[in-house]
Amino acid sequence: MEPPLISIVICTFNRPDSLARLVDDCIGRASPKGLRFEVVISDNSPAGYGRDIVAGYQRGPVPVRHVSAHPANISIARNRGIGTAHADIIALLDDDVTIASGWLDRMYATLDASGADCVLSAVSVRPAEDPPVWDRETRQFVRAWPMPDGTPIPLGRGGGSPVTVSTNASMWRRQRCFRGGEPFDPAFGKSGGEDLDLFLRLRREDLRIAWCGSAVAYEWVPAHRMNFRYLFLRAFSGGQVFAAAVIHNADRAWLSASGLMLRGLLQCAGGCLLLLLRVVPYVMRGGSLTPALAVLLLKMAGAAGKCFWFYKIPLYPIEAAGQR
């Protein structure tokens, strides 16, 4: 049997139903053109349910393999999945997404034509229930950019980019991007930020990222993830891991840390002034959270997170506990 051209690596943790749905999607919809690929399930769950799910695909047209990745840590899961993949091209998908037909074909065509090292696809949202009135478009989970396929995505020294750079719904050249035993730092494995840390590290080596908006992944967003309390905590944690990743990759870490903490303080102070201007009409409306106020509060949470980058909240275990 010929080796696969592409390995789709799916890290999973306590989502057996959505994992099975994504594997079905990959087999039936990923490549109408017939690209040779395999699916690698990197199972980070304590129960190890991935093994039973994979057993149902052993006689299918696409090789589906299971690898155990412990302890619970997203970086360990990513590293384990990549380390056991058989192909030189790696596609990464989270276990809470589905993909549009031809997703793999479009991503590979863009990677090949652009000569990029990494390609990011568009990410849309499929909420489990109607989104809250203050965020009807669920902007917190969307990745969109009105540019043609193959457009280079610039990544600044501080992680700035016109789209969210994350490993969900991405494709990579293994030899260029995943050299070494642990491309993802386990220190970020419970808080998140492991993907930004990798992007910033590879930026030093002139990483070339390309956009592929014609390939779309759909993220399933359960009700608890649209709760404002969760999003506020996520924004605070996002500020923490953003600052931690930037500092980790800075030439002078202490100077970078000082600048980010000062910026966070100034942003919080500016947010408080705006909040004072909006809190009275907010109360007069009966306490209904408006889009403008929600955005302001989430930005303030992210700014505050920069000031406390040195203690990263274990967001993933907290979220997992909230689903029980």
Side-chain angles (χ1 to χ4, degrees), residues 2-11 18-41 57 60-64 78 81-82 85-126 137-139 141-155 161-178 195 198-199 202 207-221:
E2 289 186 90
L5 176 67
I6 302 165
S7 293
I8 299 178
V9 174
I10 304 171
C11 299
S18 59
L19 172 63
R21 182 171 58 240
L22 176 55
V23 175
D24 285 340
D25 251 15
C26 289
I27 294 173
R29 296 161 57 85
S31 181
K33 293 184 178 179
L35 294 176
R36 298 189 316 278
F37 69 94
E38 66 170 352
V39 177
V40 179
I41 306 302
Y57 297 97
V62 174
V64 181
R78 295 199 197 285
I82 292 167
H86 291 157
D88 289 331
I89 303 297
I90 306 290
L92 297 176
L93 288 168
D94 289 351
D95 65 353
D96 58 351
V97 304
T98 57
I99 55 174
S101 179
W103 183 86
L104 199 67
D105 292 335
R106 292 181 174 88
M107 291 288 281
Y108 181 72
T110 300
L111 184 77
D112 186 53
S114 67
D117 306 307
C118 170
V119 172
L120 304 182
S121 87
V123 176
S124 188
V125 175
R126 286 182 173 165
E137 299 177 355
T138 56
R139 292 184 298 272
F141 304 96
V142 170
R143 184 164 72 202
W145 194 28
M147 298 297 286
D149 290 357
T151 301
I153 300 176
L155 182 64
S161 172
V163 296
T164 300
V165 287
S166 68
T167 50
N168 182 28
S170 62
M171 182 174 284
W172 304 72
R173 296 185 189 275
R174 180 178 190 162
Q175 297 301 319
R176 175 75 170 89
C177 302
F178 295 145
D195 36 16
L198 175 66
F199 276 108
L202 291 174
L207 174 73
R208 295 170 297 168
I209 314 170
W211 173 247
C212 184
S214 67
V216 183
Y218 301 95
E219 182 171 354
W220 178 72
V221 182

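Note that these values count all heavy atoms, side chains included, but never hydrogens, waters or copies made by symmetry.
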I need the minimum non-hydrogen distance between Ile90 and Ala85, along with the two atoms involved. CD1-CB, 3.6 Å

Note: Ser101 and Pro32 closest approach over all heavy atoms is OG-CG, 3.6 Å

Under a 3.5 Å threshold, yes or no: a donor from one side chain and an acceptor from the other, between Ser7 and Arg174? no

Just so I know, are the side chains of Arg143 and Ser166 near enough to count as touching, which here means a heavy-atom distance under 4.5 Å? yes

Contacts satisfying salt bridge (charged side-chain N to carboxylate O under 4.0 Å, His left out) that involve residues 106-122 (not counting sequence neighbours) are Asp117-Arg176, Asp117-Arg208

With the side chain counted from C-beta on, respond yes when Val62 and Ile8 share a heavy-atom pair under 4.5 Å apart, and no when they do not. no

Are Trp211 and Thr110 side-chain neighbours, meaning at least one heavy-atom pair lies under 4.5 Å? no

Ion pair check, Arg78 and Asp94, cut-off under 4.0 Å: yes

Within the 4.5 Å heavy-atom criterion, are Asp88 and Arg173 side-chain neighbours or not? no

Under 4.5 Å between any side-chain heavy atoms of Phe141 and Arg126, yes or no? no

Just checking, any donor-acceptor pair under 3.5 angstrom between side chains of Ser18 and Trp220? no

Rounded to the nearest 0.5 Å, what separation is found between the CD1 atom of Ile99 and the CG atom of Leu22? 6.5 Å

Determine whether Phe178 and Leu198 make a side-chain contact, defined as any pair of heavy atoms from C-beta on separated by less than 4.5 Å. yes

Within this structure, what is the OG-CD1 distance for the pair Ser114 and Ile209, rounded to the nearest 0.5 Å? 11.0 Å

What heavy-atom pair brings Ser170 and Leu120 nearest, and what distance separates the two atoms? CB-CD2, 3.7 Å

Take Met107 and Ile6 through the side-chain contact (heavy atoms from CB on, under 4.5 Å) test and state the conclusion after the steps. CA-CA 11 Å; Met107 291 288 281; Ile6 302 165; over 6 Å; no

Would Leu202 and Leu155 count as a side-chain contact (heavy atoms from CB on, under 4.5 Å) if you check the C-alpha gap in whole Å, the side-chain angles of each, and the deciding distance to 0.1 Å? CA-CA 10 Å; Leu202 291 174; Leu155 182 64; over 6 Å; no

Heavy-atom nearest pair, Ala91 first then Leu104, reads CB-CD1, 4.2 Å

Cys26 versus Phe37, closest heavy-atom pair with distance: O-CZ, 3.2 Å

Measure the shortest side-chain to side-chain distance between Val97 and Val123 over non-hydrogen atoms and say whether it is less than 4.5 angstrom. no

Classify the angle between the aromatic ring planes of Phe199 and Trp172 as parallel (below 30°), tilted (30 to 60°) or perpendicular (above 60°). tilted

Closest non-hydrogen contact found for Leu93 with Ala169 is CD2-CA, 3.8 Å

Any side-chain heavy-atom pair of Leu5 and Tyr108 under 4.5 Å: yes

CG on Asn168 to CG on Asp96, rounded to 0.5 Å: 6.5 Å

Could you tell me whether a side-chain N or O of Ser31 sits under 3.5 Å from a main-chain N or O of Leu35, the two making a donor and an acceptor? yes

How far does CG of Asp95 sit from CG of Leu19, to the nearest 0.5 angstrom? 6.0 Å

Measure the CZ-CD distance between Arg36 and Glu2 for me, rounded to the nearest 0.5 Å. 4.5 Å

Could you walk me through whether Trp145 and Ile153 satisfy the side-chain contact (heavy atoms from CB on, under 4.5 Å) test, starting with their C-alpha distance in whole Å, then the side-chain angles of each, then the deciding distance to 0.1 Å, before giving a yes or no? CA-CA 10 Å; Trp145 194 28; Ile153 300 176; 3.7 Å; yes

